[in-house]
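Values reported hereafter were calculated over all heavy atoms of this structure, with side chains retained and with hydrogens, waters and symmetry mates removed.
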Amino acid sequence: MENKKIGEIFDEIADIIEIEDSKRIFEIRAYRKAALTVSELQEDVADILRKKGIDGLMELPGVGKGLAEKIKEYVETGRMRKYEELKRKYPIDFTGLTKVRGLGSKKAFRLYNELGVRNMKDLKAVLKKKKIRGLEGFGEKSEEALGKGVESVEAASSRMLLGTALPEAESIIRKLLESRLVERAELAGSSRRMKETVGDLDILVISEKPEKAMDFATKIEEVESVMLKGQTKSTVWLKIGLSCDIRVVPRESFGAAMQYFIGNKDHNVKVRQIAIREGYKLNEYGLFDKKGKIVESENEGEIYKILGMGYPVPEMRENRGEIELAMQHKLPVPVSLKDIKGDLHVHSANSDGANTIEEMAEAAIALGYGYIGITDHSKSEYVANGMDETRFKKYVKEIDRVNDKLDGRIRIFKSAETDILRDGSLDFGKAALKDMDYVLASIHTSLNMDKDSMTKRMVKCIESGDVDIIGHPTDRIIHQRDPIPLDLDRVFQAAKDNDVVMEIDGYPERLDLNDENIMKAREYGLKFAIDTDSHRTQHLRLMRFGVGTARRGWLTKDDVINTSGVGKIAKMFRD
DNA sequence: GCCGTTTTCGGCCCGACTGTTTTCAGTCG
């Protein structure tokens, strides 16, 4: 997969054009946009090229003929002539250096030209020798800032999991509100859109005393250091290794600011184009008419309404077709957390969970659920204390006992997260499967098969007639393990033909299926189960991450089976 | 270099913050 590398190359070309002739601003932007598109793309550009040729590449937003040719050249030869020519003139690791906050292409070039800095290692060396402060236009402060920037880069090696970042943001917001210096504080940015990983946090506040609010915000205990602090905007570095922007916004333009800062960028560009077409101008201060008179700014929803659009929830704002549907007032009503009636992927101490079945059930009752499915591991998962048939029989009896004891306060379904073996068969025999209310099947082992074999393994399992739900279908773990190679078109078609449900595993490291794959599966008309894969009682609360991911994939309540009550779902499994 | 309900040319976001500039360039989002 060369997507990331190609993205970096395009970014470096943009850096170099910026040095040579910064007036070519739109060409620079074109390279940057394409860099972002390609590096964030889930599908391998080489696959696109193989399936649809150069036209397939040109379908990517921001990629035209010129850049498509360059991608093709790189995929086929491993080289890009234009890039290599430029790099001979400027042998600078822009990709590494410009990750340092405050260091862009121009300053990086000056450091190279005047101090010979080519990469992070050189930068650290000249920082240590305090050489930078001697350069014209640089001073002691810029040198210190660069030093801090280098530390931050080393601390934050990648984007942070939403599951880590979101609770942190909520804690900061709570403290801001408790201070009474702000009357409103809301999360914006990619975390508001529930993107699986986030690069930073964006918090918008309304305050009568902006300076005091900024003072307070920069001193919250989560803050490690203050990167910049102004009258209306501060950026702080958090102890967890993430930067956080806090902006004070006037009350009267809060809605416009939310719309602007929730993003994403592509979504906003399109909305602003629509505003222009309708005779308005939209920015973070409001929606203005031709005379520059403010039409709406307090309420985000009203802005969309005036533009003739339905209201897309933040999770949908990725420019993946939601704007077009909003214009036609055909946006789906996305599933929400309150629609969820139960959790169908829950572990207990019978395999690798921390709590008993009864404790998990009590925790589910506290959440207002009507049912949970206990899905402990099967024997192949010996590292996770998986059950053999003998233990499984005892486990089934135990679930019966707890069901009796809880006396209808909740229904506990009997299941097991049954391993899909290398040949596509299941890790439990027919007798055990018959004792389950439903069968959840997952792949955990033999992950290094080729795509065709892996796909056959999954499809065979789906076609067996023994399976109800496929757990975490791609088996990826964010930042740790790539998705297993699957031809998802074949998998989803088989699932549709055999009425097999796809799981959205809401555990923040998994989020599997992810948003893009959900959208693809939805096209096949599949049903989904949003689960938590809980291993302790507290994990049951992770459901919101699964729901967020489902909303990013445009799912409605009807697409999700565990929005049904206990009676309906029990019947669904029996049939 | 990309793109198209202003369509094959002429647009393409700009405001906030910082440092060291005395009026602005660079960077960021």
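Note on residues 95-145 of chain A: pairs passing ring pair (Phe, Tyr, Trp, His ring centres under 6.0 Å), not counting sequence neighbours, are A:Tyr90-A:Phe109. Sorted by first and then second residue, the pairs that involve residues 92-110 of chain A and meet salt bridge (Lys or Arg N to Asp or Glu O under 4.0 Å), not counting sequence neighbours, are A:Arg110-A:Glu114. Counting only residues at least two apart or in different chains, ring pair (Phe, Tyr, Trp, His ring centres under 6.0 Å) contacts with residues 16-46 of chain A comprise A:Phe10-A:Tyr31. Screening residues 268-295 of chain A for ring pair (Phe, Tyr, Trp, His ring centres under 6.0 Å) gives no qualifying pairs among residues at least two apart or on separate chains.
The base-pairing partner of B:dT27, taking Watson-Crick or G-U wobble contacts with both distances under 3.5 Å, is B:dA16.
Rounded to an integer number of Å, the gap from A:Asp266 CG to B:dG29 P is 16 Å. Rounded to an integer number of Å, the gap from CG of A:Leu36 to P of B:dG29 is 12 Å. For A:Lys233 and B:dC14, the NZ to P distance is 18 Å, given to the nearest whole Å. B:dC3 atom P lies 11 Å from atom CD of A:Glu59, rounded to whole Å. A:Phe261 places its CZ atom 11 Å from the C1' atom of B:dC14, with the value rounded to the nearest Å. Taking atom CD on A:Glu144 and atom P on B:dG19, their separation rounds to 10 Å, with Å as the unit. Distance CG (A:Asn283) to C1' (B:dA16): 14 Å, rounded to an integer number of Å. At whole-Å resolution of the value, CD in A:Glu211 and P in B:dC17 are 11 Å apart.
Here the separation of B:dC13 from B:dG4, taken at their P atoms, is 14 Å to the nearest Å. Taking atom P in both B:dT21 and B:dA16, one finds a spacing of 25 Å when rounded to whole Å. The separation of B:dT8 from B:dC14, taken at their C1' atoms, amounts to 28 Å, rounded to a whole angstrom. Comparing B:dG11 with B:dT7, their P atoms are spaced 12 Å from each other, to the whole Å. Of the P atoms belonging to B:dC12 and B:dT5, the separation is 16 Å, rounded to the nearest Å. Taking atom C1' on both nucleotides, B:dG10 is separated from B:dT20 by 38 Å, rounded to a whole Å. Comparing B:dC9 with B:dG15, their C1' atoms are spaced 29 Å from each other, to the whole Å.
Considering only residues two or more places apart in sequence or on other chains, A:Glu315 meets the side-chain hydrogen bond (donor to acceptor under 3.5 Å, both in side chains) condition with A:Arg551. With sequence neighbours excluded, the residues forming a ring-ring contact (aromatic ring centres under 6.0 Å, His included) with A:Tyr507 are A:His539, listed by chain and number. A:Arg29 pairs by the side-chain hydrogen bond (donor to acceptor under 3.5 Å, both in side chains) definition with nothing, not counting sequence neighbours. With sequence neighbours excluded, no residue forms a side-chain hydrogen bond (donor to acceptor under 3.5 Å, both in side chains) with A:Gln328. Not counting sequence neighbours, A:Tyr83 has no partner by the ring-ring contact (aromatic ring centres under 6.0 Å, His included) test.
Among the heavy atoms of the strands lying under 4.0 Å from A:Tyr285 are primed sugar atoms or P, OP1, OP2 only; no base atom is included. A:Thr232 comes within 4.0 angstrom of the backbone, heavy atoms only, and of no base.
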Next on the checklist: Counting primed atoms plus P, OP1 and OP2 as sugar-phosphate and everything else as base, spell out the protein contacts along nucleotides 20-27 of chain B at 4.0 Å heavy-atom distance: B, S or - for each nucleotide, 5' to 3'.
Outcome noted: S-----SS

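Between the side chains of A:Thr549 and A:Asp515, not a single donor N or O lies within less than 3.5 Å of an accepting N or O.
In this structure, of B:dG29, B:dG15, B:dC2, it is B:dC2 that holds the atom nearest to the side chain of A:Ala30. In this structure, of B:dG1, B:dT18, B:dA16, it is B:dG1 that holds the atom nearest to the side chain of A:Leu67.
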N/O to N/O distances under 3.5 Å, protein versus nucleotides 4-13 of chain B:
unit_1 : atom_1 : unit_2  : atom_2 : d
B:dC13 : OP1    : A:Arg29 : NH1    : 3.3

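No more than 12 heavy atoms of other residues, nucleotides or ligands sit less than 6.0 Å from atom NZ of A:Lys305. For A:Glu84, the CD atom sits in a packed shell: over 12 heavy atoms of surrounding residues, nucleotides or ligands are nearer than 6.0 Å.
DNA chain B is contacted by no residue of residues 299-326 of chain A, taking any non-hydrogen atom closer than 4.0 Å.
Residue-to-nucleotide proximity on DNA chain B shows that, of A:Lys229 and A:Lys281, the 5′-proximal contact is made by A:Lys281.
Panel note: side chain A:Ser297, backbone A:Glu252; a donor-acceptor pair is recorded below 3.5 Å.
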